[in-house]
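Here the structure is a predicted model, which is why all the values come from computation and not from measurement. When reading the values below, keep in mind they use all heavy atoms of this one structure, side chains included, and skip hydrogens, waters and symmetry mates. Starting from 1, each residue takes its place in the sequence as its number.
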Amino acid sequence: MSYSVGQVSAFAGVTVRTLHHYDRAGLLSPSGRSGAGYRLYDDADLARLQQILFYRELGFSLDEIAEILKDPQANALEHLRSRVGRLTEEIGRLQRLAEVAEQAIEVQQTGVALTPEERFDVFGEIAFDLSYATDAQLKWQDSAGQKESMARAAAHTKEDWRQLMGEAAAWRAELLAAFDDGEPADGERATDLAEEHRLHIARWFTTCPSEMHRRIADDFAADPRAFALVVPPSQQRPGLAAYLCRAVHANAARRAAPEEEDG
């Protein structure tokens with residue numbers, strides 16, 4: 001029995017244009033023509049089309065499908081094994097993307113709901129990069145400190161945010177002044193500022209032992225998105241993130257010294 005291109009299009013759920021393309025590519029040429037010159041497909045053509053669509057669904061290119069169909073027994077198994085490996089990798093990638101998307105939703109839902117005007121009033125130039133917040137959530141999602149920080153941030157009111165951002169702005173002004181004055185990162189002024197930052201985190205988000213504070217500071221030095229959470233780009237200076245990181249590490253060492261002496 002013969003079928004017109006329109007009938008095959010309806011059977012297979014593909015467009016007439018796609019069938020014409022397969023014909024031009026030499027992948028599926030109809031076995032016959034009508035008296036008027038129209039394409040006519042037989043049952044063998046439909047079986048071949050079914051194979052083509054199967055391999056297309058698996059992600060094979062038309063060139064790869066043509067190679068397989070030259071000798072299905074010789075080529076199909078090797079290609080399918082290769083495709084299984086690639087599909088497995090893609091499944092893993094999609095699972096990671098889904099995980100990131102779920103975490104992004106959590107991040108977006110965390111914190112006090114503010115209008116754009118209120119957000120600018122409270123946060124000013126400080127920008128919360130969703131991609132960094134999501135990365136951080138994925139990185140520390142099993143940490144008790146991260147869970148506590150997220151929970152406490154979600155409970156903050158607008159006035160809480162206004163107060164903590166005010167404290168942060170005052171601390172930032174002192175940090176910039178120390179840096180501009182050429183104070184050494186391991187000096188008393190800079191390490192005192194590092195300690196203030198650690199206590200600020202503990203007061204508003206989560207207990208912040210020195211080891212955690214060092215990891216946070218390392219992120220500041222390594223990732224501009226992280227450092228923008230404490231110093232907006234318009235106020236940053238070259239070397240400032242590294243300066244703060246060194247001050248935090250020096251403060252951690254300073255805090256550990258009395259404990260070692262006591263031991």
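No donor-acceptor pair closer than 3.5 Å links the side chain of Asp181 to the backbone N or O of Glu183. Remark: the backbone N or O of Met212 is not paired with any side-chain donor or acceptor of Arg198 at under 3.5 angstrom. Distance alone, capped at 3.5 Å, is enough to place a donor-acceptor pair between the Arg237 side chain and the Gln235 backbone. In this structure, the side chain of His197 does not engage the main chain of Trp171 through any donor-acceptor pair within 3.5 Å. Although no hydrogens or angles enter the test, the distance criterion places a donor-acceptor pair under 3.5 Å between the side chain of Arg152 and the main chain of Phe205. Checking side-chain atoms of Asn251 against main-chain N and O of Val248 turns up no donor-acceptor pair under 3.5 Å.
The aromatic rings of Trp204 and His156 sit perpendicular to each other, their planes meeting at more than 60°, with 30° as the lower class boundary.
Remark: Ala250 engages Asp186, Thr191 in a side-chain contact (heavy atoms from CB on, under 4.5 Å) (not counting sequence neighbours).
When all heavy atoms of Leu40 and Asp45 are compared, the closest pair comes out as O-OD2, 4.1 Å. Of all heavy-atom pairs between His213 and Ala194, the closest is CE1-O, 3.1 Å. In this structure, Ala190 and Tyr243 approach most closely via the heavy-atom pair CB-OH, 3.5 Å. Listed here is the closest heavy atom pair of Gly59 and Glu64: O-OE1, 4.5 Å. The two atoms that bring Ala178 and Leu193 nearest to each other are CB-CD1, 3.9 Å, heavy atoms only. Taking all atoms of both residues into account, the shortest heavy-atom contact from Thr18 to Thr15 is OG1-OG1, 2.8 Å.
In this structure, the side chains of Asp218 and Cys245 come closer than 4.5 Å at one or more pairs of heavy atoms. Within the 4.5 Å cutoff, side-chain heavy atoms of Leu240 are placed close to those of Phe227. A heavy-atom distance below 4.5 Å is not found between the side chains of Val5 and Pro30. Contact check for Gln163 versus Thr157: no side-chain heavy atoms found under the 4.5 Å cut-off.
In this structure, OG in Ser31 is found 13.0 Å from CZ in Arg39, a value given to the nearest 0.5 Å. The CD1 atom of Ile216 sits 11.5 Å away from the CZ atom of Arg214 when rounded to the nearest 0.5 Å. Taking OG from Ser2 and OH from Tyr41, the interatomic distance works out to 12.0 Å, rounded to the nearest 0.5 Å. One distance of note links CZ of Phe179 with CD of Gln236; it measures 10.5 Å at 0.5 Å rounding. Atom CG in Leu62 sits 6.0 Å away from atom OH in Tyr22 (nearest 0.5 Å). Expressed to the nearest 0.5 Å, how far CG of Asp219 lies from CG of Leu229 amounts to 10.0 Å.
Phe54 and Leu49 end up in the same hydrophobic cluster when Ile, Leu, Val, Met, Phe, Trp and Tyr side chains are linked at under 4.5 Å. Cluster membership check: Met165 does not share its hydrophobic cluster with Leu199, using side-chain heavy-atom separations under 4.5 Å among Ile, Leu, Val, Met, Phe, Trp and Tyr. A continuous path of hydrophobic side-chain contacts links Phe11 to Leu27 [ILVMFWY only; heavy atoms under 4.5 Å].
The residues Glu195 and Arg255 are annotated as salt-bridged, a charged nitrogen and a carboxylate oxygen being separated by less than 4.0 angstrom. The pair Glu167-Arg203 meets the salt-bridge criterion, since a charged nitrogen lies less than 4.0 angstrom from a carboxylate oxygen. Salt-bridge formation is not detected for the pair Arg48/Asp42: no Lys NZ or Arg NE/NH1/NH2 atom is positioned less than 4.0 Å from an Asp or Glu carboxylate oxygen.
Atom CD of Gln7 sits in a crowded spot, with more than 12 heavy atoms from other residues, nucleotides or ligands closer than 6.0 Å. The environment of OH in Tyr38 is sparse: at most 12 heavy-atom neighbours from other residues, nucleotides or ligands sit within 6.0 Å. Annotation: Glu211, atom CD; neighbour count of heavy atoms from other residues, nucleotides and ligands within 6.0 Å is above 12.
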